[in-house]
There are 2 protein chains.
Amino acid sequence: MTRDNFSNDRRATITDVAREAGTGKTSISRYLNGETGVLSTELRERIEEAIAKLDYRPNQMARGLKRGRNRLVGMLVADLTNPYSVEVLQGVEAACHAYGYMPLICHAANEVDLERRYLQLLTTYRVEGVIVNALGVKEETLETLARGGVPVVLVDRAVEGLVADMVGLDNPEAVRMAIRHLVSQGFDELLFVVQPYAQVSSRRVREAAFRDTIGALGISGVTIVLDLDNDENLAEIDARISAAQSQNRRVALFAANAPVALRVALHMKDRHGVDWQRRVALMSIDDSEWAELDGMTTVRQPTYNIGERAVEFLHERIEGAGVAARECLLPGELIVRASTSASTNNGGT
Amino acid sequence: MTRDNFSNDRRATITDVAREAGTGKTSISRYLNGETGVLSTELRERIEEAIAKLDYRPNQMARGLKRGRNRLVGMLVADLTNPYSVEVLQGVEAACHAYGYMPLICHAANEVDLERRYLQLLTTYRVEGVIVNALGVKEETLETLARGGVPVVLVDRAVEGLVADMVGLDNPEAVRMAIRHLVSQGFDELLFVVQPYAQVSSRRVREAAFRDTIGALGISGVTIVLDLDNDENLAEIDARISAAQSQNRRVALFAANAPVALRVALHMKDRHGVDWQRRVALMSIDDSEWAELDGMTTVRQPTYNIGERAVEFLHERIEGAGVAARECLLPGELIVRASTSASTNNGGT
DNA sequence: CTGTTAGCGCATTCAG
DNA sequence: CTGAATGCGCTAACAG
């Protein structure tokens, strides 16, 4: 054995295979591209042997360079720390495999400039499309991409001024569902807690839906903005709760997403001890793993479907669909647990 | 404006830039590669203008094809659902950026064949190295990679028969630390709960360390294997607890990782109600977000550092370091919370 | 059915 | 200092 056809450090190329099989590169290429039936079975066998012997793997880079598509799609995730993102990701991955795409996952870790750098990088690798769940990309950055012929689909969050496909939760309905539940459980004072929402469409929509709904229902309530990096407003929550409870109102906290819910829960535990849930009712959008453990009512998002749907949209665009921008709003599911049960929890002191 | 130098659908190539700047491609290439000082300032300015005007981005694929390195490294993750993985990932990402690599994140979702397919895919994209945190890759698959000249570094889990760099938690010491803590709190009957560990080195090591340590300390204890997909052994845990407590022993559950801890906690809550923590003490390796909320003692892993270190190892290999396989075991940190406090918790009925 | 040829976008000798 | 020529691994006409 001459040592140099096996593990020769340098990977075998199509030329090596052709030589080994005693034929031309074209036939190899045809074989690789499944143009079966165009090759004599005899040749095909020789090719298969050669490929196996050399442990040949076609170079996707070269392939992409030539044919202009590399099957790469970018997935920009604002925060993998948020289980929501991971779940969406799973849907994205599954769908990508189904369509033959390779997802390039970029994690911006909530940093706006990382976000922009990644987008640059993605165009540099000539991805065929991008799925964006981002914190602060400006319409401008994305617009550049889109004009460059790279389809963009947005997840969870719209980007101001950008017309593009978008898929996410049906926020207004989710919020209504939650509020109706709270009302049916006898709560009559609602505190909606949300991160600064000016820049993030989904937060904005949820907040608006909250105000609309309590208005329509004639329920008393107020929005409290909570910055997770600077949680001074936790004090305001405490004050509101005390005030309401001293008037014998039954107050419930409604967190706009899981990170907020966690922050609030931690604070309540600090303040009221391990029995905090007997003193204050908390529910949230996003069904995290501890929601079950701590018996918190939630609205579960159809995360997996959101991911799948995003890829479908993207695929259609990549295939050249020229239709107008679409919006896909999927329904959430109310998961009722003890935290909002009328008996478990009472607002009295 | 002739419409065809701006957003011309097809991205600008180096040739376009050369033409626009009235020079040859070589100069552009030099500019891109930072061979500064070799270009007259005048030419450099023209190039900069041209690049800006055409919004030119060098094609990494072509670049990689030519020079043989594309700055891509693969990161194979067994389960992104496990916060451990996400945290490691953050370290990996940060370090990759520092070294100028682009991490290709592959999420195997605990499926062994997905894992193998991803590895194939990665070689197809000619990644320069791979960081592997995997469930079931066989030594053989990885060996093929390594022989192909692609460095591999393992995270958290060794792969039987494969010699490669590896970085993870110092499991023996972490387990000892935990047990010493439990003992100091007066627990005298320890139940170590772990997923099937035959195939996963970190679990195996933790289990062995558990038995070694209780042996050395003369503490009574036993290992219980819990399959998360088929949790019949939860009954055994219950039985052991009852038996021990009926003899007035103080028993503590020690979960080998966060997923196990969650499963056990959920079960205990089901069985003993919201006050379950007063009936049974639980601690675990991995400091998940709900650990704080529910006051569970843990050993926190230096996840971020693990990720960073892995990239460092990989980088050295890529740069050609020919040293023998190394192992980097980082220390965990004991986080004491109420779940194992001597006063909070008592083993009596 | 099969092989030859000509680039894809870029980096790199090697001459100006 | 600068540019023309060559080829990375592969696909796609275009001939046999």
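Since the structure is predicted, the reported quantities are computational estimates derived from the model, not experimental observations. Order of the sequence lines sets the chain letters (A, B, ...), proteins ahead of strands, with each chain counted from 1.
Among the nucleotides D:dT11, C:dG3, C:dC10, the one closest to any side-chain atom of B:Asn59 is C:dC10. Looking at the side chain of B:Ser40, the nearest of the listed nucleotides D:dG9, D:dT2, C:dA11 is D:dT2. Of the listed nucleotides (C:dC8, D:dC10, C:dC10), C:dC8 has the atom at the smallest distance from the side chain of A:Leu65. Of the candidates D:dG3, D:dA12, C:dG9, the closest approach to any side-chain atom of B:Thr23 belongs to D:dG3.
Between A:Arg67 atom CZ and D:dA13 atom C1' there is a gap of 15 Å when expressed in whole angstrom units. Counting to the nearest Å, the C1' atom of C:dT12 and the CG atom of B:Asn33 are 10 Å from each other. Going from atom CZ of A:Arg71 over to atom P of D:dT11 covers 13 Å, rounded to whole Å. Taking atom CD of A:Glu35 as the reference point, atom P of C:dC1 lies 13 Å away to the nearest angstrom. Distance A:Arg19 CZ to D:dG9 C1': 13 Å, rounded to the nearest Å. The separation between A:Arg57 atom CZ and D:dC10 atom C1' is 17 Å, rounded to whole Å. In this structure, B:Met61 atom CE and C:dG9 atom P are separated by 13 Å, rounded to whole Å. If you take CG of A:Asp16 and P of D:dG9, they are 8 Å apart, rounded to a whole angstrom.
B:Gln120 and A:Arg57 share a side-chain donor-acceptor pair at under 3.5 Å. Between the side chains of B:Tyr118 and B:His107, no donor N or O sits under 3.5 Å from an acceptor N or O.
Side-chain atoms of B:Thr26 come within donor-acceptor range of the base of D:dA4, with a qualifying N/O pair under 3.5 Å. In the interface, the side chain of A:Ser29 is not paired with the base of D:dA12 through any donor and acceptor atom under 3.5 Å apart.
Geometrically, B:Arg326 engages B:Phe313 in a cation-pi contact defined by less than 6.0 Å to the ring centre and at most 45° from the axis.
Between B:Tyr31 and D:dT2, a side-chain N or O to OP1/OP2 separation shorter than 4.0 Å is absent.
The closest side-chain heavy-atom distance from B:Met102 to A:Thr124 is not below 4.5 Å.
Nearer the 5' end of DNA chain D, as judged by each residue's closest nucleotide, is the contact made by B:Leu43, out of B:Lys66 and B:Leu43. Where A:Thr15 and B:Arg30 meet DNA chain D, the nucleotide closest to each residue was compared, and B:Arg30 sits on the side nearer the 5' end.
One N or O on the side chain of B:Ser40 and one on the backbone of B:Leu43 form a donor-acceptor pair closer than 3.5 Å.
In this structure, B:Leu39 reaches the sugar-phosphate backbone alone: every heavy-atom distance under 4.0 Å involves primed, P, OP1 or OP2 atoms, never a base.
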